[in-house]
Amino acid sequence: LPSCRQFAEAMAEGAAADAVLSAVSWAAQTLRTWSLEGPPGNQRAAAGALAAELEAVAQAQRDAVTETDQLRGTADEAQRKAEVLDGAMQQARKELASRDELEARLAAKFAVAMAGRGAELLLRVRELEGEAAAADDRLAEATSEAALYRKQAAAREKELHELRRQHAALCLQVRESIPPVSVMCRIRPVESYKKASGDRTAIVADSQDMIVEDMGGRSRKFRMDRVLDGGVTQEDVFGVAAPWVESVNRGGSACVLAYGATGSGKTFTLQGDDGGPERATGLAHHALARLVGGPGGGPVRLSVVEVYCDQIRDLLGSQVDGAGPPTLQCTRRDMQGRMLLDCEEVEVDSFARAEEVLQRGYAARATDATLCNERSSRSHIVLTARSVASEGQLVLVDLAGSENVHRSGADDGGKLLTEAKAINKSLSALADVVEALAKRQGFVPYRNSRLTMLLEDVLNQAKILLLVHVSPFAADAMATGHSLQFAGRVRSVDFGAQMLRKDQEQRLKSEHQRSVEASRRLEAQVDQLRKELSDVQKEKREQKQQIAQLSEQAREQQRELSREKELRSRLEAAGRAVAAPGAQDARGARAAEPSVGQPAAQARAVPTTAPGLSATRRRMPTPPILHRGPRDASREPFVAPTP
């Protein structure tokens with residue numbers, strides 16, 4: 001019995017379960033009954049029942065011990081989990097505190113940056129507003145000035161239109177005042193010859209009169225409309241011929257003939273010298289530039305033909321097998337009896353293209369070396385320029401020089417002699433035509449030569465300018481006298497009309513020059529006003545663009561501030577989300593731990609009712625990581641990306 005009591009007490013102390021205590025109490029009562037009343041009648045059965053009951057109690061005790069051990073292990077595991085959760089909570093609290101501190105620093109930096117940036121932007125916006133106000137004032141002033149300029153420009157345009165009308169009228173008067181025939185003489189410069197410096201000059205000239213002294217000391221006097229001495233330039237020559245060229249842009253017809261002995265400088269006057277150290281453009285280049293690109297100019301149709309050995313050849317036509325330029329027939333005539341040529345015409349609308357055509361035509365001209373000239377022209381060349389807009393016509397005739405076959409070396413026969421005979425014959429035919437016109441004869445022998453047939457229409461309708469070229473040396477006095485004598489015969493054609501119009505021509509020229517200068521000044525002033533108005537409008541557009549850019553920058557800063565506020569609220573929400581599950585897990589762990597003296601049944605019920613004590617740990621949420629990328633702190637505030 002004592003051993004049973006001790007066993008029961010030990011079991012009661014070890015198990016601490018109601019079922020074990022009740023079984024031990026029942027066994028003790030049974031034994032106490034046996035001690036008072038004696039053993040039962042069937043002792044073996046009673047002892048067996050008591051032993052079975054004790055064995056059941058012992059088995060229950062063992063089961064209780066096993067379950068208690070399991071509960072203690074579970075409690076230890078829960079304690080360890082609670083300690084881990086406490087550590088995690090402490091780490092989370094530290095990270096949250098660090099994050100709060102970082103957020104506070106970032107917020108402070110952002111506030112400082114935004115304050116500085118905002119102040120800077122505000123100051124810049126105020127400056128721009130001031131500049132915009134000043135710009136508006138300037139714009140208003142410029143607008144008023146532009147309105148004034150427009151009024152002035154309109155007035156100037158009106159004046160310019162009036163001046164252009166006057167210019168057109170003056171040009172018409174100048175064209176009408178140009179005499180039918182004008183004769184000018186150009187003396188070749190002495191320094192252009194490759195002769196000894198001791199050669200004596202034989203010409204004494206002033207503005208109109210010329211005295212030529214031959215080798216025998218005899219003097220002859222000639223009178224020209226104008227004398228161009230050796231000091232004039234190519235530009236000066238074009239200046240005196242400009243009225244004839246200008247008349248073409250107004251619908252007139254003009255012809256410039258270069259006449260003189262071989263080697264006197266005719267081709268240089270018309271074509272210039274492309275091979276010299278300084279290029280000297282000729283009269284043809286200046287005239288084409290004025291016709292194409294000058295006032296009233298436009299597209300021009302060009303044709304270049306030559307009269308070679310009494311044959312008309314097209315210098316712009318296609319050459320076949322090196323046979324030279326194609327020969328044209330001059331048997332066709334129109335209803336007015338004018339000769340028609342099937343020569344090639346090239347329409348040009350720029351001076352570069354016109355110059356190319358001119359060089360192409362002169363390159364195909366027949367030339368050869370003689371004793372008088374290294375590159376002597378062996379044909380007469382005729383350049384015709386017809387204005388498409390005004391239908392005016394300019395004819396430039398580079399006549400081959402009359403030559404003495406003994407001096408030129410052509411008397412040996414052959415091609416040079418044939419060419420010299422043809423040249424002299426055609427020039428004689430031209431002189432006959434001029435003489436017939438001067439004497440007002442009823443019959444003019446145009447058909448005696450291909451040259452006069454080609455120039456028939458020009459000599460009858462165009463204003464003629466004859467440029468006579470002479471040599472200054474006494475050795476060439478005979479050829480110079482012949483050239484000036486021919487020029488005098490040409491000048492006698494309609495000479496009375498020249499005398500009547502001389503004063504009017506000078507007056508109209510001066511008025512025309514003044515009107516041209518006034519027109520140029522007005523055009524320059526109008527261009528300057530237009531440029532100033534364009535600059536004002538450009539400045540206004542730039543200021544509007546700058547204001548729009550600054551407004552866009554201000555809106556961008558506002559959007560960045562909104563994103564920063566949103567990021568801060570997200571960070572706070574993430575911190576609260578991290579703290580809340582940790583607190584709940586800690587409370588669940590403390591609730592699952594059994595207290596001292598708690599009944600075993602309640603202890604066994606803990607695993608099924610306590611939350612958060614399962615074998616699988618709850619995963620902690622990953623705290624957000626702030627990434628700070630590369631940036632320019634002086635320009636933009638720091639913006640943390642959304643976690």
Side-chain angles (χ1 to χ4, degrees), residues 176 178-184 222-225 244 252-261 303 305-313 327-343 379-384 386 393-403 418-468 481-501:
E176 293 178 352
I178 295 176
V181 178
S182 298
V183 178
M184 299 183 186
F222 300 92
R223 187 171 182 83
M224 302 287 114
D225 292 323
W244 282 264
S253 180
C255 176
V256 180
L257 296 98
Y259 181 85
S303 64
V305 298
E306 70 172 355
V307 179
Y308 176 75
C309 293
D310 210 28
Q311 291 182 346
I312 300 177
R313 304 198 301 182
T327 302
L328 303 177
Q329 300 297 326
C330 53
T331 57
R332 297 176 54 200
R333 293 184 177 270
D334 59 8
M335 298 298 296
Q336 287 76 26
R338 294 175 297 188
M339 185 173 59
L340 298 178
L341 293 177
D342 294 332
C343 61
S379 64
H380 311 292
I381 187 170
V382 179
L383 168 65
T384 305
R386 293 182 175 87
Q393 175 179 268
L394 175 65
V395 180
L396 300 178
V397 183
D398 184 4
L399 297 172
S402 59
E403 66 179 72
T418 303
E419 293 171 347
K421 289 181 179 180
I423 291 172
N424 292 335
K425 180 181 177 181
S426 60
L427 292 176
S428 298
L430 179 61
D432 294 338
V433 169
V434 171
E435 184 176 1
L437 291 174
K439 294 180 179 180
R440 301 182 182 276
Q441 297 177 357
F443 173 75
V444 181
Y446 288 110
R447 300 194 180 185
N448 288 352
S449 171
R450 291 287 192 272
L451 176 63
T452 53
M453 292 174 64
L454 184 62
L455 298 179
E456 178 181 358
D457 182 54
V458 176
L459 295 177
N460 284 327
Q461 298 182 6
K463 304 286 186 177
I464 305 299
L465 172 62
L466 178 64
L467 291 175
V468 181
H482 291 165
S483 298
L484 294 178
Q485 186 177 3
F486 174 79
R489 293 165 62 186
V490 173
R491 188 170 180 265
S492 64
V493 177
D494 199 14
F495 180 75
Q498 298 184 50
M499 296 297 295
L500 294 175
R501 297 175 183 174

Requested in this report: Carefully, step by step, assess Ser303 and Arg386 under the rule side-chain contact (heavy atoms from CB on, under 4.5 Å).
Outcome: CA-CA 9 Å; Ser303 64; Arg386 293 182 175 87; 4.2 Å; yes
Requested in this report: Take Val397 and Val256, measure what side-chain contact (heavy atoms from CB on, under 4.5 Å) needs, and give me the verdict at the end.
Outcome: CA-CA 6 Å; Val397 183; Val256 180; over 6 Å; no
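Asp342 meets the salt bridge (Lys or Arg N to Asp or Glu O under 4.0 Å) test with Arg332; sequence neighbours excluded. With sequence neighbours left out, the side-chain contact (heavy atoms from CB on, under 4.5 Å) criterion links Asp310 to Ser449, Arg450. Applying the side-chain contact (heavy atoms from CB on, under 4.5 Å) test to Asn424 and every residue at least two apart in sequence or in another chain returns Ser402.
For the atom pair Leu394 CG and Trp244 CH2, the distance stands at 12.0 Å (nearest 0.5 Å). Between the CG atom in Leu466 and the CE atom in Met184 there is a gap of 10.5 Å [rounded to 0.5 Å]. The CG atom of Asn448 sits 10.5 Å away from the OG atom of Ser428 when rounded to the nearest 0.5 Å.
In this structure, Asp225 and Ser182 approach most closely via the heavy-atom pair OD2-CA, 3.3 Å. What you find for Pro445 and Ala436 is that their closest heavy atoms are CD-CB, 3.9 Å.
Among the candidates Leu257, Leu454, Ile312, the single residue satisfying the side chain to side chain contact (heavy atoms under 4.5 Å, CB included) test with Val382 is Leu454. If you run side chain to side chain contact (heavy atoms under 4.5 Å, CB included) between Leu459 and each of Val434, Val444, Leu430, Val395, only Leu430 comes through. None of Asp398, Val305, Val307, Leu399 except one satisfies the side chain to side chain contact (heavy atoms under 4.5 Å, CB included) rule with Ile381; the exception is Asp398.
Of the possible polar contacts, none joining the Arg313 side chain to the Tyr308 backbone as a donor-acceptor pair under 3.5 Å is found. Between the His380 side chain and the Glu306 main chain, no donor and acceptor come within less than 3.5 Å of each other.
With a 4.5 Å cut-off on side-chain heavy atoms, Val433 and Tyr446 count as touching. Between Val468 and Val183 the shortest side-chain heavy-atom distance falls below 4.5 Å.
One side chain, Gln461 or Asp457, offers a donor N or O that lies under 3.5 Å from an acceptor on the other.
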